[in-house]
Amino acid sequence: MTARPAYLVVHKLAQFTDEWYHDYTVTLEGVNPAGLYATREGAEFAIRALTRRAMRGATFDDLQLDEETDYRLAELLKQSDKLSPILRSSLPGFVSRAKPLPANLSDVQLDTLIEQAGICLYHILETEMDDGKRQVAQAALILTPQRPFIGLELCYEEEDEDGEHPQQTIQESDDPVVARLNRVTQLFGRRYANGLPL
């Protein structure tokens, strides 16, 4: 079979340090898969839908947003005359951590925040695999809608001019569901691990 590109959508893995959340997803071995797609466009479409769903009724900390996103949201507040009335009234409470976003925001209103603030809750990993492997991997994800918790630890053994870069320790598990998810993530050179301690 001919190998074709495959795209794994994974949840952001962030850690709270120095008053801000830091997104370490791309540097860590462990990931939490959210879906497998045959095209990048399909993966990006899924990310937009998943992000909208996560944002409805969420607080700033629920979304584990970083300092740069906070800055862009603050800049957006300065242009509140360009926002819809519901965003104009709800965004200050969200940015100040006082209130969650309304649960009834429309897709268009959420897209405004996603695009203007650069909100990133998911990442895409890419590899190549044949159709048979992709079908098996997709079936494994479909059979596992609830991902079991796998404890993680971060240690800061390495540091360079950009600051600390955490190393990830993933607890071993004999859970057959974890083994199934590991078979999926290993196709992308990663291991299954579904979150970081806050």
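All values below were derived from every heavy atom in this structure, side-chain atoms included, with hydrogens, water molecules and symmetry-related copies excluded.
Closest approach of Gly30 and Leu13 over heavy atoms only: O-CD1, 3.0 Å. Across Ala34 and Leu50, no two heavy atoms sit closer than the pair CB-CD1, 4.2 Å. Minimum heavy-atom separation, Asp175 to Val177: OD1-N, 2.8 Å.
Using a cut-off of 4.0 Å between Lys/Arg side-chain N and Asp/Glu carboxylate O, Glu67 and Arg72 are scored as not salt-bridged. Salt-bridge formation is not detected for the pair Asp130/Lys133: no Lys NZ or Arg NE/NH1/NH2 atom is positioned less than 4.0 Å from an Asp or Glu carboxylate oxygen. For the pair Asp107 and Arg56, the salt-bridge criterion is met [side-chain N within less than 4.0 Å of a carboxylate O].
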Run the side-chain donor-acceptor check on residues 114-128: report pairs under 3.5 Å with partners two or more places apart or on a different chain.
from	atom 1	to	atom 2	distance (Å)
Glu115	OE2	Arg48	NH1	3.0
His123	NE2	Asp23	OD2	2.6
Glu126	OE1	Arg40	NH2	3.3

Would you list the atom pairs, donor with acceptor, under 3.5 Å between side chains in residues 4-11 and any protein atom, with sequence neighbours excluded?
none

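Rounding to the nearest 0.5 angstrom, the gap separating the CH2 atom in Trp20 from the CD atom in Gln64 is 14.0 Å. Here CD of Glu68 is found 5.5 Å from CG of Asp66. Values are rounded to the nearest 0.5 Å. To the nearest 0.5 Å, the span separating NZ on Lys12 from OH on Tyr21 amounts to 9.0 Å. If you take CG on Asn182 and OG on Ser173, they are separated by 9.0 Å, rounding to the nearest 0.5 Å. Atoms CG and CG, on Leu101 and Leu63 in that order, are 7.0 Å from each other to the nearest 0.5 Å. Rounding to the nearest 0.5 angstrom, the gap separating the CG atom in Leu77 from the CG atom in Leu83 is 7.5 Å.
Side-chain atoms of Asn194 come within 3.5 Å of backbone N or O of Pro148 as a donor-acceptor pair. No donor-acceptor pair closer than 3.5 Å links the side chain of Thr69 to the backbone N or O of Leu65. Here the side chain of Arg190 pairs a donor or acceptor atom with the backbone of Leu28 at under 3.5 angstrom.
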Quick one, Tyr71 with Leu76, criterion side-chain contact (heavy atoms from CB on, under 4.5 Å). Give me CA distance, side-chain angles, the key distance, then yes/no.
CA-CA 9 Å; Tyr71 173 79; Leu76 192 57; over 6 Å; no

Decide yes or no on side chain to side chain donor-acceptor pair (under 3.5 Å) for Ser106 and Gln109, but give the supporting numbers first.
CA-CA 5 Å; Ser106 70; Gln109 291 161 343; 3.3 Å; yes

Does the pair Arg52 and Met55 meet the rule for a side-chain contact (heavy atoms from CB on, under 4.5 Å), with working shown?
CA-CA 5 Å; Arg52 289 171 183 154; Met55 289 176 66; 5.9 Å; no

Step-by-step side-chain contact (heavy atoms from CB on, under 4.5 Å) determination, Leu91 to Val95
CA-CA 6 Å; Leu91 196 54; Val95 172; 4.1 Å; yes

Determine, step by step, whether Asp131 and Arg134 satisfy the side-chain contact (heavy atoms from CB on, under 4.5 Å) criterion, reporting the C-alpha distance in whole Å, the side-chain angles of both residues, the deciding distance to 0.1 Å, and the verdict.
CA-CA 5 Å; Asp131 290 342; Arg134 179 164 43 238; 2.8 Å; yes

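Using a 4.5 Å heavy-atom cutoff, the side chains of His22 and Gln15 are not in contact. With contacts defined as side-chain heavy-atom distances shorter than 4.5 Å, the pair Leu187/Leu36 does not qualify.
Atom CD of Gln186 sits in a crowded spot, with more than 12 heavy atoms from other residues, nucleotides or ligands closer than 6.0 Å.
Under the side chain to side chain contact (heavy atoms under 4.5 Å, CB included) criterion, Asp174 pairs with no residue, sequence neighbours left out. Considering only residues two or more places apart in sequence or on other chains, Thr59 meets the side-chain hydrogen bond (donor to acceptor under 3.5 Å, both in side chains) condition with Asp62. Contacts of Arg53 classified as side-chain hydrogen bond (donor to acceptor under 3.5 Å, both in side chains), with partners at least two apart in sequence or in another chain: none.
Applying the ring-ring contact (aromatic ring centres under 6.0 Å, His included) rule to pairs touching residues 47-66 yields Phe60-Phe94, sequence neighbours excluded.
Checked against Tyr192 for a side-chain contact (heavy atoms from CB on, under 4.5 Å), the options Val31, Val184, Ile170, Thr185 give a single hit: Thr185.
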